[in-house]
Amino acid sequence: MAWWAVLILALLTLGALWLGLVPGGFEGENPYRRIFRRILDGRSASQRIDRVAILTSFMVVGASLCISLGLGIMVGSLQVVRNRVCRFLGAFYVEAVRGIPVYVMLLFVYFGVRNLVGDYVTLTPFFCAVAALGVAYGAYMSEVVRAGIMSIPSEEIEAASLEGTPVQVFGYIILPQALRTILPALANESIALLKDSALVGLITVVEITRAAEIHAGSTFQYLETYAVLAMIYLVLSLILSRFQRTLERLYGGARAFKEA
Amino acid sequence: MMTTKIPKCLLAIPCALALLLSACGGGNSDHEEMRRAEDDRRYYVIGTNPNYPPMQMVDPDTGEMVGFEIDLMNAIAEAGGFEIRWRSVEWRGIFAALDAGDIDAIISAATITEERRKRFDFSNPYFKISQRVVVRRDDLGKVSEISDLDDKTIGVQLATTGQILVEEQYPHWDVATYNNAPLAFADLRTGRIFGFMVDEPVAEEYGRVNPEAAELFAPLPFIFSEEEYGIVVRKNQPRLLNMINEGLRKVQEAGIDIDLQEKWIQ
């Protein structure tokens, strides 16, 4: 219910802006249509930018989500194994990375690491954006994964170990149950990643926030531009939360409450 | 023992809160000053972005803001008979800060444009510039006319006249947009961009912050525009605008602006 209410509110706001139904109105042409085009497209700043801004946003978020989920599951599991070296490495990564702001990480990867390895590999802005976001959120997500694994009773794992190999136990007993428990927390991190993708304009990736900043900076339509931008982010994160609810329904995350 | 210890610990909470509140109060004193009626203002807050040598920069040794416009504005305030305080503001948020009343005026290499005039008032112009493209010294020979830049990546700074100029006149260029000039110079140094479109004084004098930069970068000979800098105020501040213009007139009559240009720019 609440989800639909927020979605309808956001879509109504976007619709009203598109039609120019705003208090006070505006002089001359409706500025909002141009703002929509500029934010979603963003290519008017340079026709040679090969992708529209909204697609760049999707690609940055999609690629860094995959990396951070993979890293999160790997490192989260690494921290609960018996081998001390593995545990140390996992914890080291988490403690080192989660203490650094994503903004600083972007600066470091794009402007800093270039000086070390730039002669051998080309670090494109897109690659640096995905690497920084993926590594940072991998650390956050690994803690969530670790919490999920630790929520499984040790008796259950011991019982399963009598029958299966460690890999089987992990793949069939531990991981499915852990993922079901931590689905809401993982979705939270994913939405946080979507919002932090707004930072990557810093390293010249033209995603929707940078496209909006470019438009607002030359037209001074700050209020109008950022209102549209905020609503676009809201709709995008609502899509992610719907995805979360669907997964919860499919894998029974919420069923425990209904049965109890 | 326990009963005496617990209240002591709890006492720390109101103390911390009081400290926090007084700290907030201290930070807000400019705001209180800015709420005063225009006639009783004791000082005005001037915003600038100290990432733009030689116009303004942070002196690496003292940590203070120095530069042509810092000296110029101090001279204008002295001649115009008003007090100022400086505040450092990122360029991309500087007009919004003026609009919101966080600062009273901007002196930060702000070109007078029609679009900006619709929203703000400008003082009389104090400096003429053009847009230039800086490249690495080794690349100077690779460009003999502007169309040689067509297949190159050119950096611009967000919300500057350089960015708007490229957007309107060279939309076929491949453009990278930076938050501030030092970030663009960082990418120019490593060759991620071929050139950086920036105001002429910065194009010529960026080396002032960093002697290495003076050897690395040089501007191409092309003149892309003719622009004039002005000091920006909100539209409802006629008194401040008059004082600035009066101070600027006296500074220009005394030739102080020319001395400052020689000190910082030529």
Side-chain angles (χ1 to χ4, degrees), chain A residues 27-28 31 38 41-51 53 56 103 106-129 198-207 209-226, chain B residues 90-100 110-111 113-120 149-180 182-194 196-197 232 235:
Chain A
E27 289 164 31
R38 294 283 309 252
D41 187 336
R43 275 180 304 183
S44 47
S46 158
Q47 288 176 358
R48 297 235 328 239
I49 292 171
D50 45 354
R51 277 190 298 273
T56 308
Y103 192 88
L106 283 167
L107 283 175
F108 177 73
V109 172
Y110 184 71
F111 292 105
V113 174
R114 166 68 176 76
N115 289 340
L116 285 178
V117 301
D119 295 339
Y120 314 105
V121 280
T122 317
L123 297 176
T124 65
F126 180 83
F127 175 85
C128 293
L199 294 172
V200 305
L202 174 69
I203 58 171
T204 75
V205 178
V206 183
E207 38 67 69
T209 302
R210 179 45 48 119
E213 282 180 318
I214 289 172
H215 181 72
S218 55
T219 60
F220 292 111
Q221 294 167 342
Y222 293 110
L223 177 66
E224 298 88 339
T225 310
Y226 296 141
Chain B
E90 264 279 282
W91 171 257
R92 59 182 171 150
I94 208 164
F95 286 100
L98 181 63
D99 217 10
T111 298
T113 68
E114 279 312 303
E115 197 64 42
R116 289 172 182 168
R117 262 187 195 286
K118 285 183 201 157
R119 300 281 300 252
F120 303 101
L149 296 172
D150 285 355
D151 57 346
K152 309 278 197 294
T153 306
I154 304 296
V156 294
Q157 185 184 343
L158 186 64
T160 57
T161 42
Q163 181 191 28
I164 296 165
L165 184 144
V166 171
E167 202 175 310
E168 285 171 357
Q169 295 180 25
Y170 302 96
H172 53 285
W173 282 6
D174 188 14
V175 171
T177 309
Y178 295 89
N179 284 3
N180 54 48
L183 293 181
F185 277 108
D187 264 6
L188 183 59
R189 188 167 80 88
T190 56
R192 273 201 183 107
I193 52 176
F194 180 83
F196 173 37
M197 166 91 72
V232 199
K235 286 217 178 259

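Proteins come first, then strands; the chains are lettered A, B, ... in the order of their sequence lines, and each starts at number 1.
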Backbone of A/Glu213 reached by a side-chain donor or acceptor of B/Arg92 within 3.5 Å:
no
With a 4.5 angstrom heavy-atom cut-off, which part of B/Arg116 approaches chain A: side chain, backbone, both or neither?
both
Side chain, backbone, both or neither: which part of A/Thr124 has an atom under 4.5 Å from a heavy atom of chain B?
neither
Spacing of A/Thr204 atom OG1 and B/Asp187 atom CG [to the nearest 0.5 Å]:
6.5 Å
At what distance, to the nearest 0.5 angstrom, does CG of B/Asn180 lie from CG of A/Leu202?
8.5 Å
Minimum heavy-atom distance between B/Ala159 and A/Gly217, given as atom pair plus value:
CB-CA, 3.7 Å
Over 12 foreign heavy atoms within 6.0 Å of CZ, A/Phe127
no
If we define contacts as heavy-atom pairs under 4.5 Å, which of B/Leu158, B/Ile164, B/Thr161 has the most with chain A?
B/Leu158
Please step through side-chain contact (heavy atoms from CB on, under 4.5 Å) for the pair B/Val175 and A/Val206, ending with a clear verdict.
CA-CA 10 Å; B/Val175 171; A/Val206 183; over 6 Å; no
Which atoms of B/Leu183 are under 4.5 Å from chain A, going by heavy atoms: the side chain, the backbone, both sets, or neither?
both
Which of parallel (below 30°), tilted (30 to 60°) and perpendicular (above 60°) describes A/Phe220 and B/Phe95?
perpendicular
Spacing of A/Phe111 atom CZ and B/Arg192 atom CZ [to the nearest 0.5 Å]:
7.0 Å
Donor-acceptor contact present, side-chain A/Arg210 to main-chain B/Thr177, <3.5 Å:
yes
Can you tell which part of A/Ile203 gets under 4.5 Å to a heavy atom of chain B, answering side chain, backbone, both or neither?
neither
